[in-house]
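Structure first, then comments.
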Amino acid sequence: MDPRIGRRWNIDPVPAVWESGYAVNRNNPIQFNDPLGDCPDCKDGKYKIQKGDNFSTLEKKWGMDQGSLQSLNPGLDPKKLQIGSTITTETDLPVNKPFTQTTTTTTTTTVQQEQPRSYAGVGAFALTTSAVDGPFPVGEVIGGVALLGTAFYYAVTPTPTISISIPRTTTSSKPAPFNYVTYTKTNATTGEVYVGRTSGYGTPQQIVNARDVNHHMNSLGYGPAVPSTSAPATLPGGYATRALDPSYWAIRGSEQLQIEAYRKLGISGNSYNGISPSNPNLGKYIKEALKKFH
C-alpha cells in the first residue's frame with residue numbers, strides 16, 4: 001500500500017467482488033488492517049463472528065466460493081454462529097517455523113609422518129688424558145691412564161616417511177529457501193483425496209509436515225499430507241510478495257487442476273474450488289500451472 005494516496009500499488013491478491021482491486025482496508029484503515037491483502041477483517045487466517053454475520057454473507061464479502069467456510073469449519077453449525085466465536089477463513093498461511101538448510105562437507109588432508117629411527121652400535125669407549133703417537137695395545141698403561149676397550153661408534157638406519165590421510169568435516173547452516181507447495185491427503189476408508197496448499201521456509205516435506213499438524217481434515221479420517229507439487233519463491237519476501245510471484249500463481253493453479261482431476265475420477269475430497277470462478281486471476285493461475293507442472 002502507498003500511504004501517500006491510501007491505495008495499493010498492486011492489485012489485491014484476494015479482491016472483494018464489489019470493491020476495486022486497489023482499495024485498501026475497506027477504506028477504513030483505522031478500524032481494519034490488511035497488510036497481505038487477504039482479508040481486512042481477519043487476523044492470521046481467523047475471524048471473530050460479529051452481529052449479523054453468517055457464512056453466506058461473509059463468503060460474498062470476501063469473494064469466496066459459497067460453502068467454503070463450512071468446509072474450513074466442519075464442526076460448526078452455520079445456523080448457530082455465536083458472536084465472538086472464531087472461525088477459520090484461510091488455510092494457505094505460511095508455516096511459522098523457519099527451517100534451516102544444513103550442509104556437511106568432508107575434506108581429506110594428506111600429511112607426511114616420519115617413523116621412529118632404529119639404532120645399532122658398540123658400547124665400548126676409551127679414556128685418555130694425553131696424546132699418544134702411533135698405535136698402542138689395548139690394556140696398556142701409558143702415562144698412568146688405562147685404555148679401556150675400543151672406540152665408540154653407532155649406525156643409524158632411518159625409515160622413509162609415509163603419507164597419512166586425515167578426514168576433516170565441517171558443517172554450515174543457513175535459512176532454507178521459501179517454497180510454495182501443494183499436497184494431498186487420502187481417506188483410507190473412502191479413497192477420497194483432498195488437495196491443499198501451503199508455503200514456508202524449508203523443504204516441501206518439512207513445510208507439509210508442519211502444516212499437517214492439527215489439519216482440519218485429520219478428524220475426518222484423512223491420512224498424512226504428501227507433497228504433490230512445489231515451486232521455490234522467485235521474489236524475496238516470501239509470503240508477503242506472493243501476489244507478484246509466478247511460483248505462487250503456478251501453485252494456485254496446480255491446486256485447482258488437481259482438485260478438478262480428482263473430481264473427474266469421482267474421488268475428490270474437496271467440497272469447493274481452490275480458486276473461485278469469480279476470481280479475476282483464475283486464468284493467469286491456470287496458465288502458469290500448465291506451463292510449470294503439466
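- Panel note: side chain E288, backbone Y285; no donor-acceptor pair is recorded below 3.5 Å.
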Given the rule in the side-chain contact (heavy atoms from CB on, under 4.5 Å) test, do Q256 and N273 qualify, once you have shown the distances and angles that lead to the verdict?
CA-CA 6 Å; Q256 181 60 35; N273 290 311; 3.0 Å; yes

Check the pair F55 / I87 against side-chain contact (heavy atoms from CB on, under 4.5 Å), numbers first and verdict last.
CA-CA 10 Å; F55 280 173; I87 63 172; 4.0 Å; yes

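- Aromatic rings from H216 and Y222 are positioned such that their centres are separated by 6.0 Å or more.
- Hydrophobic clustering places V193 together with L265 (ILVMFWY residues linked when any side-chain heavy atoms are closer than 4.5 Å, directly or through intermediates).
- In plain terms, the two heavy atoms of G237 and Y201 that are nearest each other are C-OH, 4.2 Å.
- Shown here for S228 and Q258, the closest heavy-atom pair between the two residues is OG-OE1, 3.0 Å.
- Using a 3.5 Å distance cut-off with no hydrogens or angles, the side chains of T229 and S254 do pair a donor with an acceptor.
- Taken together through direct or relayed side-chain contacts under 4.5 Å among Ile, Leu, Val, Met, Phe, Trp and Tyr, I251 and L282 form part of one hydrophobic cluster.
- Looking at T234 and S247, their side chains never bring a donor and an acceptor atom within 3.5 Å of each other.
- Sequence neighbours left out, not one pair with a member in residues 72-81 passes salt bridge (charged side-chain N to carboxylate O under 4.0 Å, His left out).
- Heavy atoms only, all atoms of each residue included: V208 and A225 are closest at CG1-CB, 3.3 Å.
- With Q70 as the partner, the side chain to side chain contact (heavy atoms under 4.5 Å, CB included) test is satisfied by one option alone out of P78, S56, S271: P78.
- Listed by first then second residue, pairs satisfying salt bridge (charged side-chain N to carboxylate O under 4.0 Å, His left out) with a partner in residues 256-271 number zero, not counting sequence neighbours.
- One finds the CG atom of N218 at 7.0 Å from the NE2 atom of H215 (value rounded to the nearest 0.5 Å).
- Y180 is connected to I286 through a chain of hydrophobic side-chain contacts under 4.5 Å among Ile, Leu, Val, Met, Phe, Trp and Tyr, so both are in one cluster.
- A pairwise comparison of heavy atoms in P224 and D212 identifies CA-OD2, 3.4 Å as the closest pair.
- Within the model, atoms CH2 of W249 and NZ of K287 stand 10.0 Å from one another, a figure rounded to the nearest 0.5 Å.
- Atom CZ of R197 and atom OG1 of T182 lie 10.5 Å apart (nearest 0.5 Å).
- N281 places no side-chain N or O within donor-acceptor distance of the main-chain N or O of K284, the cut-off being under 3.5 Å.
- Y183 and Y194 have tilted rings, their planes meeting at an angle from 30° to 60° on a 0 to 90° scale.
- The CG atom of L69 sits 10.5 Å away from the OH atom of Y47 when rounded to the nearest 0.5 Å.
- Taken together through direct or relayed side-chain contacts under 4.5 Å among Ile, Leu, Val, Met, Phe, Trp and Tyr, L290 and Y262 form parts of separate hydrophobic clusters.
- Judged purely by distance below 3.5 Å, without hydrogens or angles, the side chains of S230 and N179 never pair a donor atom with an acceptor atom.
- A continuous path of Ile, Leu, Val, Met, Phe, Trp and Tyr side chains, each step under 4.5 Å between heavy atoms, connects I267 with I259, placing both in one hydrophobic cluster.
- Side-chain atoms of N187 come within 3.5 Å of backbone N or O of T190 as a donor-acceptor pair.
- Rounding to the nearest 0.5 Å places NZ of K48 at 10.0 Å from OG of S85.
- Rounded to the nearest 0.5 Å, atoms OG1 (T186) and CE (M217) are 10.5 Å apart.
- The minimum heavy-atom distance linking V181 with P227 is given by the pair CG1-CB, 4.2 Å.
- In the displayed structure, F293 atom CZ is contacted under 6.0 Å by more than 12 heavy atoms of other residues, nucleotides or ligands.
- Between R252 and N279, the shortest heavy-atom distance links the atoms NH2-ND2, 4.2 Å.
- In this structure, the side chains of I49 and T86 stay at 4.5 Å or more apart for every pair of heavy atoms.
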